[in-house]
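To keep things clear, I will list the structure first and then write my remarks on it.
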Protein chains: 2
Amino acid sequence: MDLPGQVNCETCRIRSCAVEVLDQQELDILKTNCAGAVYARNERIFQQGSLTSNIAYVKTGLVKIHKNGPSKDQILKLVKPPRFIGIPTVLGDRINNYSATALLPTTVCFIVTSTFKTLIMRNGRFANEVINSICQDELTFYDRSINQMQKQIHGRLADALLFLADEIFEADSFDLPLSQSDLGDYIHATRESVTRTLGRLKADGLIQVKGKNIKLTEKDMLRKISKLG
Amino acid sequence: MDLPGQVNCETCRIRSCAVEVLDQQELDILKTNCAGAVYARNERIFQQGSLTSNIAYVKTGLVKIHKNGPSKDQILKLVKPPRFIGIPTVLGDRINNYSATALLPTTVCFIVTSTFKTLIMRNGRFANEVINSICQDELTFYDRSINQMQKQIHGRLADALLFLADEIFEADSFDLPLSQSDLGDYIHATRESVTRTLGRLKADGLIQVKGKNIKLTEKDMLRKISKLG
DNA sequence: ACAGAACTATGATCTATATCACAAAAGACG
DNA sequence: CGTCTTTTGTGATATAGATCATAGTTCTGT
């Protein structure tokens with residue numbers, strides 16, 4: 001983790017919708033209670049179970065949110081910046097309920113939790129934007145959960161690939177930012193099943209694979225697979 | 001649905017933490033934009049896909065939040081009052097992203113969405129309480145998701161029974177508020193599997209079943225099953 | 001009280017995907 | 001450059017739980 005330290009929220013070009021609505025005085029409060037950090041691929045941003053007094057704002061890169069389950073670690077979601085993560089630590093206990101790890105080189109701003117709370121209390125529009133953002137996340141996660149539960153592995157993998165292409169990279173060709181084992185944790189499958197299913201999609205000509213690079217050549221077909229489960 | 005209509009938020013004894021922090025003027029705003037309703041068992045409170053301009057506050061009873069998946073309806077969570085439901089409709093589109101159905105006779109207050117938003121904007125403490133509540137829900141749902149995914153059916157059923165006993169009824173003996181088919185939608189299993197697994201728990205002497213009534217006689221053992229999956 | 005619907009019970013079979021076992025390939029690093 | 005670790009590929013086997021089929025039971029409305 002590299003620490004650029006001091007940041008300037010006023011001139012920051014990757015501000016969240018929430019920060020957009022702050023006034024000058026509030027930006028000053030934020031600025032003096034905010035520190036930047038840079039993470040390399042696979043570096044842990046925060047760890048489940050650890051005490052914290054910060055909320056993280058992911059500015060660039062890609063982050064996985066993951067949590068220990070009864071039998072293994074599971075990736076709850078992939079977070080594309082810009083996005084706040086770890087907001088639930090505003091709750092009393094201040095213990096991270098999940099881990100966050102960079103999947104690509106990632107820049108993060110840490111905001112002191114009490115400052116975040118102060119801004120919520122002071123500025124209703126800020127609070128409103130935060131609520132919107134959490135609600136959006138909530139709905140997305142509901143959908144993802146249902147899909148994970150009800151689709152079988154082909155559909156879940158197709159979903160993941162389409163998500164990476166459409167939402168994360170906005171390109172039909174991209175380098176997989178996760179190992180197949182991670183991908184398994186994300187779509188709830190074993191590494192072996194991921195390998196086999198990827199192989200199947202490749203054999204059927206729906207995707208091209210060159211090392212880490214994946215190219216979705218038949219997105220319509222992938223979407224159909226995603227639909228049918 | 002029976003409509004008591006006019007409610008008085010000032011004297012309401014089942015106020016949320018959020019409403020607790022409102023001042024007199026805000027309570028007046030709330031009161032004039034709030035209507036009560038009573039639902040019978042299995043009555044729909046709101047329907048996924050329908051347009052709405054209200055947020056619901058469940059005062060008493062028990063509610064299931066459920067949503068259509070690719071292959072079937074799934075119960076996302078059981079909501080024990082008091083609790084707001086449907087907050088995500090504060091997002092632009094105002095379309096319910098899931099359904100809510102009463103599992104027991106249930107009383108609900110509907111709050112006009114714009115009023116809810118006004119209160120968030122006006123009163124930072126209200127906003128803060130709302131955020132706390134959503135965050136709490138979020139964490140609970142993460143845990144539930146991971147458990148659903150990683151545990152097998154015995155563990156999932158044990159979880160559900162312990163949840164009903166400990167969180168909902170606060171008693172080791174209770175009448176199942178869901179059919180076995182619903183229970184299947186809740187723990188992601190078929191009705192047949194629920195029947196068999198319940199039968200198994202009964203045969204093993206961990207629970208007693210008399211019609212709809214269930215009595216957890218070996219909670220420690222159930223907890224062990226829940227842990228081991 | 002009775003007919004129709006909804007719910008519960010249980011056995012027989014099938015299947016998607018986990019597990020296990022091993023090997024090859026690709027990265028990491030002294 | 002070679003060793004060590006991590007990642008990927010692939011077959012053989014096992015299994016939890018779905019699906020199918022059939023009946024009995026309880027609820028609901030008239």
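In this text the structure is predicted, and so the values were computed from the model without any measurement.
- In this structure, B/M149 atom CE and D/dG17 atom P are separated by 15 Å, rounded to whole Å.
- With the nearest nucleotide of DNA chain C identified for both B/R196 and A/H154, B/R196 has the one nearer the 5' end.
- Looking at A/D204 and A/R200, a side-chain N of the basic residue comes within less than 4.0 Å of a carboxylate O on the acidic one, giving a salt bridge.
- Residue contacts shown for B/K151 are absent, as no nucleic acid heavy atom lies under 4.0 Å away.
- Take the nearest nucleotide of DNA chain C for A/R191 and for A/H188: the residue whose nucleotide is more 5' is A/H188.
- With rounding to whole Å, B/Q152 atom CD is found 13 Å from C/dA18 atom P.
- In terms of phosphate contacts, B/S193 brings a side-chain nitrogen or oxygen within less than 4.0 Å of OP1 or OP2 of D/dA18.
- Annotation: side chain of A/K219 is in contact with side chain of A/L162 (closest heavy-atom distance under 4.5 Å).
- Computed from coordinates, the B/L201 CG to C/dA9 C1' distance equals 15 Å when rounded to whole Å.
- Summarising the geometry, the separation between CG on B/N42 and P on D/dT28 is reported as 9 Å, rounded to the nearest angstrom.
- Close to C/dA6, at under 4.0 Å from its OP1 or OP2, lies no side-chain N or O of B/Q180.
- C/dA18 atom C1' lies 14 Å from atom CG of A/D185, rounded to whole Å.
- With C/dT17, C/dA21, D/dG17 as the choices, the nucleotide that has an atom nearest any side-chain atom of B/I153 turns out to be D/dG17.
- The separation between A/L157 atom CG and C/dA16 atom P is 16 Å, rounded to whole Å.
- The residue B/K212 sits close only to the backbone: its heavy atoms come under 4.0 Å of sugar-phosphate atoms, none of a base.
- Taking every heavy atom of both residues into account, B/K59 and B/C12 meet most closely at CD-SG, 4.1 Å.
- Taking atom CZ of A/R200 as the reference point, atom C1' of D/dT10 lies 15 Å away to the nearest angstrom.
- The distance between atom CD of A/Q150 and atom P of D/dA18, rounded to the nearest whole Å, is 12 Å.
- Comparing D/dT8, C/dA18, C/dC20 by their nearest atom to the side chain of A/T190 picks out C/dA18.
- Between B/D143 and B/F141, the closest side-chain pair of non-hydrogen atoms is not below 4.5 Å.
- B/F110 and B/Y39 have perpendicular rings, their planes meeting at more than 60° on a 0 to 90° scale where under 30° would count as parallel.
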